[in-house]
Amino acid sequence: MASPSFNEDKYRSYLHGEEEKNTKWRFGSAPNYDVVDKLFEEGRTKVWPPGSLEEKVQNLVKTWEMEMFHKTCFEDYKSVDPNNYTFSLNGRKPITLEEKRKLGGGYNSFMQTSLPEKYRGYNPAEETVESSHIAFTKAFPRGFALEVVHVYSGPPVIVYKFRHWGYMEGSFKSHAPTGDLVELYGIAIFEVDEQMKIVKVEFFLDRGELLGGLMKLKGDSSCGEEEALSCPFLRSTG
């Protein structure tokens, strides 16, 4: 296999090339992953052998994530079947791409919560896809890297454990940067069809694991998502 060229990506498909010349990108052009890929390569805990199931799953997830966050038209998605695709978080009712878009897409899809509004340090109901993207990319200037740490089963029903991480080197909302490592672990299930197109996605994660690392306050004894992860509300963020 040839080495990646300028127009290729080591970990993601459907990002460059002739087939993407008419793709509508959310921020005007294809994203550049050089900085977050460096963070990934320096901080990952697993280096999967080329061609292994784990490597294939990891690259599929990175491709899916890229398309969900950066492509604005469903017809430009190539990792999923737009007509049959559904997404669910923490056992909630599965939703379609259009319903996901109405939630604000992107980060907002993963920040859904049943917490009362007064305990929501980050309220997805008040955020748009653009505002949420700005908030998290500002907090993580080098990006929020992703690795697959374990694959429990292969296609057609892929079950895997993932790790996201980044360094809070920028502010998040009113919270000053700490420089600390922030991590998020979870389990996901991707169901694919005969063409390896994703038709169903389920995520299981605790959003408080992420927000607790971004919203630390010193000397505050109140209990909210800005508190450390020992706060009881953070243990029930589904």
Side-chain angles (χ1 to χ4, degrees), residues 1-82 85 87 97 100 105-107 109-110 129-130 132-134 136-151 154-155 158 160-167 169-170 183-184 186 188 190-193 195-199 201 203:
M1 181 180 293
S3 298
S5 68
F6 178 79
N7 289 324
E8 294 176 332
D9 188 281
K10 289 186 290 184
Y11 306 113
R12 301 163 190 87
S13 303
Y14 315 129
L15 180 56
H16 300 294
E18 185 69 17
E19 62 182 355
E20 301 304 325
K21 66 179 182 180
N22 295 318
T23 296
K24 295 179 176 63
W25 298 100
R26 186 171 306 283
F27 301 103
S29 61
N32 185 304
Y33 285 96
D34 290 349
V35 175
V36 73
D37 283 349
K38 185 174 186 291
L39 177 66
F40 164 71
E41 290 167 359
E42 292 175 347
R44 59 185 167 181
T45 61
K46 306 285 186 179
V47 180
W48 301 117
S52 65
L53 173 63
E54 291 84 0
E55 185 203 45
K56 291 177 181 178
V57 170
Q58 184 167 263
N59 290 352
L60 175 65
V61 177
K62 287 177 182 286
T63 297
W64 168 84
E65 188 176 75
M66 175 273 296
E67 292 199 309
M68 292 293 116
F69 277 75
H70 291 280
K71 293 183 178 181
T72 61
C73 294
F74 300 155
E75 56 264 32
D76 290 331
Y77 293 172
K78 299 180 179 69
S79 64
V80 309
D81 176 354
Y85 177 88
F87 170 92
L97 283 171
K100 184 169 176 280
Y107 289 97
S109 303
F110 295 94
V129 62
E130 288 81 11
S132 64
H133 187 84
I134 290 171
F136 285 99
T137 54
K138 184 177 180 181
F140 298 119
R142 288 190 282 160
F144 199 43
L146 164 75
E147 70 170 335
V148 167
V149 296
H150 193 84
V151 176
I158 302 168
Y160 67 92
K161 181 179 181 180
F162 65 88
R163 170 184 174 245
H164 263 296
W165 76 98
Y167 290 87
E169 295 162 330
E183 295 179 285
L184 172 66
F190 278 29
E191 185 174 332
V192 298
D193 63 17
Q195 287 75 45
M196 285 298 292
K197 301 288 187 182
I198 302 167
V199 295
V201 166
F203 274 89

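For the numbers below, each heavy atom of this structure counts, side chains included, while hydrogens, waters and symmetry mates do not. One is the number of the first residue; the rest follow in order along the sequence.
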With a 4.5 Å heavy-atom cut-off, do [X] and [Y] have their side chains touching?
X	Y	result
Phe40	Gln58	yes
His133	His70	yes
Val80	Met68	yes
Leu53	Ile158	no
Glu130	Arg26	yes
Met66	Pro31	yes
Lys197	Lys78	yes

Where do [X] and [Y] come nearest, in terms of heavy atoms and distance?
X	Y	answer
Ser79	Glu67	OG-OE1, 2.6 Å
Pro141	Gly170	CD-N, 3.9 Å
Phe144	Val36	N-CG2, 3.8 Å
Val192	Pro155	CG2-CB, 3.7 Å
Gly43	Arg163	O-NH1, 3.0 Å

**OP:** For the residue pair Phe203 and Phe162, categorise the inter-ring angle as parallel (less than 30°), tilted (30 to 60°) or perpendicular (more than 60°).
**Re:**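 Phe203 vs Phe162 ring planes: perpendicular.
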Subject >> Test of ring centre spacing under 6.0 Å for Tyr77 and Tyr85 >> reply: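 Distance test on ring centres: not under 6.0 Å, no.
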So how far is it from [X] [atom1] to [Y] [atom2], rounded to the nearest 0.5 Å?
X	Y	atom1	atom2	value
Thr63	Asp9	OG1	CG	7.5 Å
Trp48	Asn59	CH2	CG	12.5 Å
Lys10	Asp34	NZ	CG	8.5 Å

**OP:** List the steps, then state whether side chain to side chain contact (heavy atoms under 4.5 Å, CB included) holds for Trp165 with Phe140.
**Re:** CA-CA 9 Å; Trp165 76 98; Phe140 298 119; over 6 Å; no
Subject >> Residue of the set Phe190, Tyr14, Phe69 for which ring-ring contact (aromatic ring centres under 6.0 Å, His included) holds with Trp64 >> reply: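 Passing option: Phe190.
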Looking only at atom types and distance, does a side-chain atom of [X] sit under 3.5 Å from a main-chain N or O of [Y], one as donor and one as acceptor?
X	Y	result
Glu169	Arg142	no
Asp76	Lys24	yes
His164	Ala145	yes

**OP:** Return yes when atom NZ of Lys56 has more than 12 non-hydrogen atoms of other residues, nucleotides or ligands closer than 6.0 Å, and no otherwise.
**Re:**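 Incorrect, the count does not exceed 12.
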Subject >> Working for side chain to side chain contact (heavy atoms under 4.5 Å, CB included), residues Arg12 and Asp37 >> reply: CA-CA 11 Å; Arg12 301 163 190 87; Asp37 283 349; 3.0 Å; yes
Original post:
Out of Lys46, Glu41, Glu42, which one pairs with Arg44 under the side-chain contact (heavy atoms from CB on, under 4.5 Å) rule?
Top reply: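 Option passing the side-chain contact (heavy atoms from CB on, under 4.5 Å) with Arg44: Glu41.
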Subject >> Verdict with reasoning, Glu65 to Lys62, per salt bridge (charged side-chain N to carboxylate O under 4.0 Å, His left out) >> reply: CA-CA 5 Å; Glu65 188 176 75; Lys62 287 177 182 286; over 6 Å; no
Original post:
Should Tyr33 and Leu15 be marked as a side chain to side chain contact (heavy atoms under 4.5 Å, CB included) after you check the CA-CA gap, both sets of side-chain angles, and the distance that decides it?
Top reply: CA-CA 10 Å; Tyr33 285 96; Leu15 180 56; 4.0 Å; yes
